[in-house]
Peer 1: 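Have a look at the structure that comes next, please.
Below, chains carry the letters A, B, ... as their sequence lines are ordered, and counting in each starts from 1. The figures here come from the full heavy-atom set of this structure, side chains too, leaving out hydrogens, waters and symmetry mates. Everything numeric here is computed off the predicted structure, so don't read it as measured data.
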2 protein chains.
Amino acid sequence: MPPIAVDIDLAPRLRLALTRLGRRLRQQSDGDVTATMLSALSSVDRLGPLTLGELAGAERVQPPTITRVAGRLEERGLVQREVDERDRRVTRVRLTGEGRRLLARSRRRKDAYIARRLRDLAPDDVAALERALPILERLVGDDLDSAGRGWGPRLRRGGGVGAPPGRTTQ
Amino acid sequence: MPPIAVDIDLAPRLRLALTRLGRRLRQQSDGDVTATMLSALSSVDRLGPLTLGELAGAERVQPPTITRVAGRLEERGLVQREVDERDRRVTRVRLTGEGRRLLARSRRRKDAYIARRLRDLAPDDVAALERALPILERLVGDDLDSAGRGWGPRLRRGGGVGAPPGRTTQ
DNA sequence: CCTAACTAATTAGCCGAGCGAACGATTCCC
DNA sequence: GGGAATCGTTCGCTCGGCTAATTAGTTAGG
């Protein structure tokens, strides 16, 4: 067992594996709700009603992108927009019952691609994935630190938000 | 140690983390060579000269997609097309020196997004990722088994292919 | 009070990357 | 020889990123 000589290829291999896996995950969408929409939806669920700017920050995406996905989510009745009274420039987006339901349903889909594949794995392997998961989440995480260019200045501003009820841990 | 009660949220969390990480990886492309192109390129390197159908199979993508990316790769001189003498329907795609060089260069880029983030990780965490990597690779793997719908029928056919020299383990 | 500067979201338009359907060209096989 | 199958391509669609520019609203100063 020589796990010494640290894998010098870790970064590119990880990038390749994630690129490909990500591609397939993105493809098999849940009904007509795409992975991108699901991701945004789960952020709204996790963080409570968010301004679009905050959502863009959470999703690590530029504002125009979020405007569009928010539009699609609203079309399908999964979220609702509401303008801030105090500052009518900002609009918040809030989960609807339908959105919450879809999120829950999606979480329960055991027949989802990845769950199916996971069933075929040895327990050891599943354990390894569980161990790696938080690290992956941190890699993409809200922590940002180095945060590329300018959008730390994007989070928090208007009246309090603070994770209200109805979380779901998607 | 109760790793019993397996993390019921593993699948969705994994999917979410991978979706997001994959998004960011796809964005920051290497020069003007996108992640998709790099992935295809590395398949050609790993598996030797491939027919476009085989490449599509390896990349888990439909033929039209591969036609286009092969075109871009050829434009940039990273691969070259060559029609099969025996069966003039098939065209193979082969790495050029330039392609091999770019692949090597790409493998050595330490300043790439993911490598940068990896540097900030505790050794334990890096180890966990290394442990998980082969499993992720297997998840996306060529193994296919369940292989969605119809394109096992796409692999192998014409004259031998069999991994010739010049691999590089990207 | 009114203008200038800033900020939030949107619009407009670009491009990459998937897909399916339809189409030549070629080969296979009866 | 001729119909069926196969390979690659073309066409046209959608989605999901991006920048640049616009619109609407707020705030600060003179």
Peer 1: Please report the closest heavy-atom contact between A/Gly99 and A/Leu41, naming both atoms and the distance.
Peer 2: O-CD2, 4.1 Å

Peer 1: Rounding to a whole Å, what distance do you find between A/Leu38:CG and D/dG16:C1'?
Peer 2: 15 Å

Peer 1: Whole-Å distance between D/dG8 C1' and B/Glu54 CD?
Peer 2: 13 Å

Peer 1: Without decimals, in angstroms, what is the distance between B/Glu59 CD and C/dC19 C1'?
Peer 2: 16 Å

Peer 1: Please report the distance, rounded to the nearest Å, between CD in B/Gln62 and C1' in D/dT9.
Peer 2: 14 Å

Peer 1: Inspect the contact between A/Arg101 and A/Glu98 and indicate whether a charged nitrogen and a carboxylate oxygen are less than 4.0 angstrom apart.
Peer 2: yes

Peer 1: For nucleotides 1-5 of chain C, give me every protein contact, N/O to N/O, under 3.5 Å, one pair per line with atom names.
Peer 2:
none

Peer 1: Return the set of residues passing salt bridge (charged side-chain N to carboxylate O under 4.0 Å, His left out) with B/Arg88 (not counting sequence neighbours), or none when no residue passes.
Peer 2: none

Peer 1: Please list, chain by chain and in numerical order, all residues satisfying side chain to side chain donor-acceptor pair (under 3.5 Å) with A/Thr36, sequence neighbours excluded.
Peer 2: none

Peer 1: Taking only residues two or more places apart in sequence or in another chain, which ones pass side chain to side chain donor-acceptor pair (under 3.5 Å) with A/Ser39?
Peer 2: A/Glu59, B/Arg20

Peer 1: Which atoms form the tightest heavy-atom contact between B/Leu136 and A/Leu18, and what is the distance?
Peer 2: CD1-CD2, 4.3 Å

Peer 1: Could you tell me how far apart B/Leu50 (CG) and D/dG8 (P) are, to the nearest whole angstrom?
Peer 2: 11 Å

Peer 1: For B/Arg81, enumerate each residue passing the side chain to side chain donor-acceptor pair (under 3.5 Å) test, keeping only those at least two apart in sequence or located in another chain.
Peer 2: B/Glu74

Peer 1: Rounding to a whole Å, what distance do you find between A/Leu55:CG and D/dG17:P?
Peer 2: 11 Å

Peer 1: Just to verify, what does A/Arg68 make a side chain to side chain donor-acceptor pair (under 3.5 Å) with, not counting sequence neighbours?
Peer 2: none

Peer 1: Kindly give the atom pairs (protein nitrogen or oxygen, nucleotide nitrogen or oxygen) under 3.5 Å for nucleotides 20-25 of chain D.
Peer 2:
unit_1: D/dG25; atom_1: N2; unit_2: A/Arg89; atom_2: NH1; d: 2.9

Peer 1: Under the salt bridge (charged side-chain N to carboxylate O under 4.0 Å, His left out) test, which residues partner B/Arg105, sequence neighbours left out?
Peer 2: none

Peer 1: Salt bridge check: are A/Asp125 and B/Arg138 linked by an N-O gap of less than 4.0 Å?
Peer 2: yes

Peer 1: Just jot down the salt bridge (charged side-chain N to carboxylate O under 4.0 Å, His left out) partners of B/Arg76, sequence neighbours excluded, or say none.
Peer 2: B/Asp32

Peer 1: Take atom CG of B/Asp84 and atom C1' of C/dA25, then tell me their distance rounded to the nearest Å.
Peer 2: 14 Å

Peer 1: If the condition is side chain to side chain contact (heavy atoms under 4.5 Å, CB included), which residues does A/Ala128 pass it with, not counting sequence neighbours?
Peer 2: B/Arg131, B/Ile135

Peer 1: Give every pair of a protein N or O atom and an N or O atom of nucleotides 1-3 of chain D that lie under 3.5 Å apart, one pair per line with the distance.
Peer 2:
none

Peer 1: Search all heavy atoms of A/Leu103 against all heavy atoms of A/Ser42 and return the closest pair with its distance.
Peer 2: CD2-CA, 4.0 Å

Peer 1: So which protein N/O to nucleotides 14-17 of chain C N/O distances come out below 3.5 Å?
Peer 2:
unit_1: C/dA17; atom_1: OP1; unit_2: B/Thr34; atom_2: OG1; d: 2.5
unit_1: C/dA17; atom_1: OP1; unit_2: B/Thr36; atom_2: OG1; d: 3.3
unit_1: C/dA17; atom_1: OP2; unit_2: B/Thr34; atom_2: OG1; d: 3.4
unit_1: C/dA17; atom_1: N7; unit_2: B/Arg68; atom_2: NH1; d: 3.4

Peer 1: Quickly work out the A/Arg60 CZ to D/dG16 C1' distance and round it to whole Å.
Peer 2: 18 Å

